[in-house]
*Asks:* 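Handing you this structure, nothing more for now.
Below, chain A is the first sequence line, B the second, and so on; all start at residue 1. FYI, side chains are in, hydrogens and waters are out, and symmetry mates aren't considered; it's all heavy atoms of this structure.
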There are 2 protein chains.
Amino acid sequence: MKTYNCGLDITLEVVGGKWKALILYYLLTGPKRTGELKRLADNITQKMLIQTLKELEANGLIHRKTYNQVPPKVEYSVTELGETLKPVLESLCKWGEDYAESTFNKNEYQILNAN
Amino acid sequence: MKTYNCGLDITLEVVGGKWKALILYYLLTGPKRTGELKRLADNITQKMLIQTLKELEANGLIHRKTYNQVPPKVEYSVTELGETLKPVLESLCKWGEDYAESTFNKNEYQILNAN
DNA sequence: CAGCATCCCGTACGATACTG
DNA sequence: CAGTATCGTACGGGATGCTG
């Protein structure tokens with residue numbers, strides 16, 4: 001039996017870590033192919049991308065669709081469950097931007113994918 | 001110059017990890033002494049507690065007040081900046097609870113500090 | 001193009017014991 | 001009671017090369 005301190009633990013288990021939230025964030029704007037995601041996420045490794053996608057899929061947040069063709073084509077999209085995270089992720093993102101703006105100096109940091 | 005993919009990275013830097021969000025969550029209900037927090041957070045180590053508190057303080061989310069007396073007394077409380085995280089943390093927490101409820105079996109997990 | 005297998009490393013996290 | 005100091009380990013994350 002898994003034990004959590006509070007709901008936060010669970011959420012962090014799902015979108016915590018270095019890439020999960022980011023990838024999910026991208027997918028929330030529409031289905032993407034593997035290569036597309038690779039290009040979008042700055043500096044992510046093939047390994048981490050695949051691993052991240054697998055974990056998101058295992059948690060039921062995204063869906064993986066394969067096209068049987070050569071060369072292979074795979075497309076990822078958010079599930080209904082994944083959609084429910086949208087408002088949460090957006091407020092998280094917004095808070096981070098505000099926080100940075102109010103505590104860092106402008107020339108000390110940069111946000112690559114600010115909207 | 002620090003580089004972030006998006007605001008999410010920043011937020012996770014502040015409340016990510018195993019304990020930060022939880023401790024902050026407790027403090028949002030009112031000032032607490034070190035020992036109190038230790039008792040509240042299940043299984044946290046002295047080391048991790050202090051470390052977590054230091055990081056939260058360094059990020060300007062909590063305030064540390066020492067009383068010069070023997071035995072020593074220290075009290076932690078959230079700053080105004082920390083307060084701004086309250087709605088965000090709450091929605092994160094709520095989402096985690098909902099997620100668990102809809103994807104786990106009731107006898108497979110437990111949340112210690114569900115409100 | 002999409003994915004897997006190795007090998008590797010830093011650090012986040014933890015257990016334990018000790019000071020003022 | 002609050003905090004430090006050491007030491008050890010597990011795991012998240014990365015570099016590189018190979019398959020269908």
*Asks:* Could you state the NZ-P distance from B/K32 to D/dC1, rounded to the nearest angstrom?
*Replies:*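 Interatomic distance, NZ of B/K32 to P of D/dC1: 18 Å.
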*Asks:* Expressed as a whole number of angstroms, how long is the span from B/K54:NZ to D/dG3:P?
*Replies:*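 B/K54 atom NZ is separated from D/dG3 atom P by 8 Å.
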*Asks:* Check the distance between D/dC1's C1' and B/Y76's OH and give it to me in whole angstrom.
*Replies:*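 Taking atom C1' of D/dC1 as the reference, OH of B/Y76 is at 11 Å.
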*Asks:* Is any side-chain N or O of B/T45 closer than 4.0 Å to OP1 or OP2 of C/dC13?
*Replies:* no
*Asks:* When you match A/T66 and B/W19 each to their closest nucleotide on DNA chain C, which lands nearer the 5' end?
*Replies:*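 Nearest-nucleotide comparison on DNA chain C picks A/T66.
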*Asks:* Rounded to whole Å, please give me the gap between CE in A/M48 and C1' in D/dG12.
*Replies:* 7 Å
*Asks:* Tell me the interatomic distance from B/Q51, atom CD, to C/dC13, atom C1', rounded to whole angstroms.
*Replies:* 8 Å
*Asks:* Which nucleotide wins on minimum distance to the side chain of B/I50, given the candidates C/dG14, D/dT4, D/dC1?
*Replies:* D/dT4
*Asks:* Are any of A/R33's side-chain N or O atoms less than 4.0 Å away from OP1 or OP2 of C/dA2?
*Replies:*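 Answer is yes, contact under 4.0 Å.
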*Asks:* Given C/dA2, is OP1 or OP2 found less than 4.0 Å from the side-chain N or O atoms of A/K38?
*Replies:*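 Checking A/K38 against C/dA2: no side-chain N or O falls below 4.0 Å of OP1 or OP2.
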*Asks:* If you round to the nearest 0.5 Å, how far is CH2 of B/W19 from CG of B/L56?
*Replies:* 13.5 Å
*Asks:* For the pair B/K20 and B/E55, find out whether any cationic side-chain nitrogen is under 4.0 Å from an anionic carboxylate oxygen.
*Replies:*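 B/E55 and B/K20: salt-bridged.
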*Asks:* Find the distance A/I44:CD1 to C/dG3:P and express it as a whole number of Å.
*Replies:* 13 Å
*Asks:* According to a hydrophobic-cluster definition based on side-chain heavy atoms being under 4.5 Å apart (Ile, Leu, Val, Met, Phe, Trp, Tyr only), do A/Y26 and A/I50 belong together?
*Replies:*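 In one cluster: no.
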*Asks:* Which of these nucleotides, D/dT4, D/dA15, C/dG3, is closest to any side-chain atom of A/V74?
*Replies:* C/dG3
*Asks:* With clusters defined by side-chain heavy atoms of hydrophobic residues (ILVMFWY) lying less than 4.5 Å apart, directly or transitively, does A/I23 cluster with A/L12?
*Replies:* no
*Asks:* Is B/T11 reaching over with its side chain to a backbone N or O of A/C93, donor-acceptor style, under 3.5 angstrom?
*Replies:* no
*Asks:* Report the distance from atom NZ of B/K47 to atom P of C/dT16, rounded to the nearest whole Å.
*Replies:* 13 Å
*Asks:* Measure from CG on B/N68 to P on C/dG20 and round the result to the nearest Å.
*Replies:*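 B/N68 atom CG is separated from C/dG20 atom P by 17 Å.
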*Asks:* Specify the residue among A/Q46 and B/R64 whose closest nucleotide of DNA chain D lies further upstream toward the 5′ end.
*Replies:* B/R64
*Asks:* Using the closest heavy atom to pick a nucleotide of DNA chain D for each, name whichever of A/P72 or A/N43 lands nearer the 5' end.
*Replies:*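 The residue mapped nearer the 5' terminus is A/N43.
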